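Working notes for the structure below.
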There are 2 protein chains.
Amino acid sequence: MSASSLDLTFAALADPTRRAILSMLLEDDMAVTDVAEPFEMSLAAISKHLAILAHAGLIAQEKRGRVKWCKLEPDALRAASVWMQGFGQFEPIHLDEFEAFLARELDGADTQGG
Amino acid sequence: MSASSLDLTFAALADPTRRAILSMLLEDDMAVTDVAEPFEMSLAAISKHLAILAHAGLIAQEKRGRVKWCKLEPDALRAASVWMQGFGQFEPIHLDEFEAFLARELDGADTQGG
DNA sequence: GCAATCGTCAACCATTTGGTTGAATATGGG
DNA sequence: CCCATATTCAACCAAATGGTTGACGATTGC
């Protein structure tokens, strides 16, 4: 209970399905059903994942009509990013690296059956 | 099983005790017993936490004599940092922010009873 | 109005997680 | 050698996690 913001953020990011969802939302806002479409799990499971992401502040959900739109809230990553960079004091990061990651992650995260 | 590197990293970081341990190791290498000292949980519990951090590559453990030394491996954070920054494209991060975080985290992570 | 669509809720289940305790395995020192 | 120290192992436990299914409440459109 009452886990810290960092707890929630890192825990949310620890699941590959949730990271894949964030990657999808990076391209465009999506309805819950559309988020669920590429995954092999039930809509209810995706709905739970989205609730976890929303609770961590990583996405915002807005209901318009019967459709609930999900959009990325990248600012929520800043706190965690601050935390991590404080340790590493890394050189600047290049987009290439990030895109390589996304490619590797998406190549498998959408076929997880359990 | 066979969780990805990012899975392991983020999952390891999701626990406040483990983040507190990393913060401690930021200042100096430490023996397992000394790592455990400020916490209210058993040595075995800390030993498990350290194993999780080591498995995620966030620390290295080297046994010299009967003492097992733990040291930070900040490079392991780079992959996760790359991932996160790709989303946020944040402005440069200042050490002040990080230190503020550490202060807030340490002010409570060592009194968690369960 | 009524059926179809969108999404969540509730109950359930298996597995993982984070902790405990007590015994066991090094290792070091008098 | 024998005892203390340092750490892990093994068994156990409660609670959390990630999934399922079926029923349910909203909303839309014919």
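Just so it is clear, the structure is predicted and the values come from calculations on it, not from any experiment.
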* Asked: For D:dT7, does OP1 or OP2 lie under 4.0 Å from any side-chain N or O of B:S47?
  -> no

* Where is the tightest heavy-atom contact between B:A11 and A:A14, given as atom of each residue plus distance? -> N-CB, 3.5 Å

* Asked: Rounding to a whole Å, what distance do you find between A:M30:CE and C:dG7:P?
  -> 11 Å

* Give A:A44 one of three labels, base, sugar-phosphate or nothing, depending on what nucleic acid heavy atoms sit under 4.0 Å from its own. => base

* **Value in whole Å for how far the P atom of C:dA4 lies from CG of A:L43** => 18 Å

* To do: Quickly work out the A:I52 CD1 to C:dG7 C1' distance and round it to whole Å.
  => 16 Å

* Spacing of A:L50 atom CG relative to C:dT8 atom P, expressed in whole Å -> 7 Å

* Structure fact -> From CD1 of B:I59 across to C1' of D:dT7 the rounded distance in Å is 13 Å

* Structure fact -> Rounded to whole Å, the CZ-P distance (B:F39 to C:dT20) equals 12 Å

* **Base of D:dT5 paired with side chain of B:R66 (donor-acceptor, under 3.5 Å)** => yes

* B:K71 bridged to B:D28 by N-O distance under 4.0 Å -> no

* Asked: With distance as the sole test, does A:T9 use its side chain to make a donor-acceptor pair with the main-chain N or O of A:S5 at under 3.5 Å?
  -> yes

* **5′-ward residue of the pair A:A45/B:K48 relative to DNA chain D** => B:K48

* Asked: Hey, is the side chain of A:S42 poking within less than 4.0 Å of OP1 or OP2 on D:dG19, counting only N and O atoms?
  -> no

* **Same apolar cluster (I L V M F W Y, side chains within < 4.5 Å links), B:I52/A:L6** => no

* Asked: Side chain of A:D15: nearest nucleotide among C:dG7, D:dG18, D:dT7?
  -> D:dG18

* Taking atom P of C:dT5 as reference, at what distance in whole Å does atom CG of A:D34 sit? -> 14 Å

* To do: Look at the side chain of B:R18 and the backbone N and O of B:H49, then say whether any donor-acceptor pair between them is shorter than 3.5 Å.
  => no

* To do: Name the residue closer to the 5' end of DNA chain D, choosing between B:W69 and A:R18 according to the nucleotide with the nearest heavy atom.
  => B:W69

* In whole angstrom, give the distance that lies between atom CE of B:M41 and atom C1' of C:dT21. => 15 Å

* How would you label the contact of B:K63 with the nucleic acid (heavy atoms, under 4.0 Å): base, sugar-phosphate, or nothing? -> nothing

* Asked: Hey, is the side chain of A:R64 poking within less than 4.0 Å of OP1 or OP2 on D:dT27, counting only N and O atoms?
  -> no

